[in-house]
Amino acid sequence: MPPERRWCASGVLCALLLGLAPWVSAWATDLPGGGQLQEYFVRQNAGEAVLVRIDGQEAIFEAVISTIEGEVLVASGTPGSRIAPLFQYVPSPSSERQLDIRVTAPLDTDRSRFDMGLSRITVRDDRTGRLARAYQLLSFGLELPPADTAANWSVKIGALLDAASLFESFGMEELQTWSAFYASLITLQGLVTPNLR
């Protein structure tokens, strides 16, 4: 899609993202071998955790959140799903910083699109601490493991089931459902993938 580097395909989306800072800027580009890359820049305040939700439709994708200096904070993916959202939790820093969010979809279609949402989280008491813990468990369950082994994925499944239980206690049905969905998806993949048995 010429030019190679372009602003977000949806002008309305860009206007929303840029007009409602915390989004500093956003751009997208086609990858040389096919697929697409989208990049967003977010300011994170001191003492404030961030939960990023990426809804990708008609695309299997990965997302990496790093500091502007290049330190990777979270690297996650949607294993085998073209419809489920991705959740990434970034713990609170001691000082303000800028985050770089890179969404890569090596395989996409003409109907592929991405929507992003951002929640700022401040832990003030036991209730908000438990909710933050649920977000952390969901995010951890979707992080890419260092190796494709049954042990690594079983830890992810346990985290997702714990997240589902916590979200249920808060009455957050959508997040409970996505947590349980990913736990089931990873379990199913383990049954059909030899190196995950």
Taking all non-hydrogen atoms of both residues, which atom of [X] and which atom of [Y] are closest, and how far apart?
X: Ser92; Y: Gly47; result: CB-C, 3.4 Å
X: Pro145; Y: Asn152; result: CB-CB, 3.9 Å
X: Ser179; Y: Leu138; result: OG-CD1, 3.6 Å
X: Gly56; Y: Phe61; result: CA-CE2, 3.6 Å

Has [X] got a side-chain atom pairing as donor or acceptor with [Y]'s backbone, closer than 3.5 angstrom?
X: Lys156; Y: Phe140; result: yes
X: Asp125; Y: Thr128; result: yes
X: Gln88; Y: Ala63; result: yes
X: Gln44; Y: Pro91; result: yes
X: Ser139; Y: Tyr89; result: yes

Rounded to the nearest 0.5 Å, how far apart are [atom1] of [X] and [atom2] of [Y]?
X: Leu118; Y: Tyr40; atom1: CG; atom2: OH; result: 12.5 Å
X: Phe114; Y: Asp55; atom1: CZ; atom2: CG; result: 10.5 Å
X: Leu142; Y: Ile186; atom1: CG; atom2: CD1; result: 6.5 Å
X: Leu185; Y: Ile157; atom1: CG; atom2: CD1; result: 9.5 Å

* **Partner set under ring pair (Phe, Tyr, Trp, His ring centres under 6.0 Å) for Phe167, not counting sequence neighbours** =>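 Once residues adjacent in sequence are excluded, the partners of Phe167 under the ring pair (Phe, Tyr, Trp, His ring centres under 6.0 Å) criterion are Tyr135.
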* Does any donor atom in the side chain of Arg102 or Ser66 lie under 3.5 Å from an acceptor atom in the other side chain? ->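 Distance-only check fails for Arg102 and Ser66.
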* **Verdict with reasoning, Arg97 to Val90, per side chain to side chain contact (heavy atoms under 4.5 Å, CB included)** => CA-CA 12 Å; Arg97 63 185 174 186; Val90 181; 3.4 Å; yes
* To do: Give me the ring orientation class for Tyr182 and Trp178: parallel if the planes are under 30° apart, tilted from 30 to 60°, perpendicular past 60°.
  =>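 Tilted.
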* **Criterion side chain to side chain contact (heavy atoms under 4.5 Å, CB included) against Ile101, the qualifying member of Val64, Ile65, Val50** =>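 The single option meeting the side chain to side chain contact (heavy atoms under 4.5 Å, CB included) with Ile101 is Ile65.
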* Would Ser165 and Asp162 count as a side-chain hydrogen bond (donor to acceptor under 3.5 Å, both in side chains) if you check the C-alpha gap in whole Å, the side-chain angles of each, and the deciding distance to 0.1 Å? -> CA-CA 5 Å; Ser165 178; Asp162 288 345; over 6 Å; no
* Kindly determine whether Arg53 and Glu174 satisfy salt bridge (charged side-chain N to carboxylate O under 4.0 Å, His left out), including the steps that lead there. => CA-CA 13 Å; Arg53 173 178 175 151; Glu174 183 191 12; 2.9 Å; yes
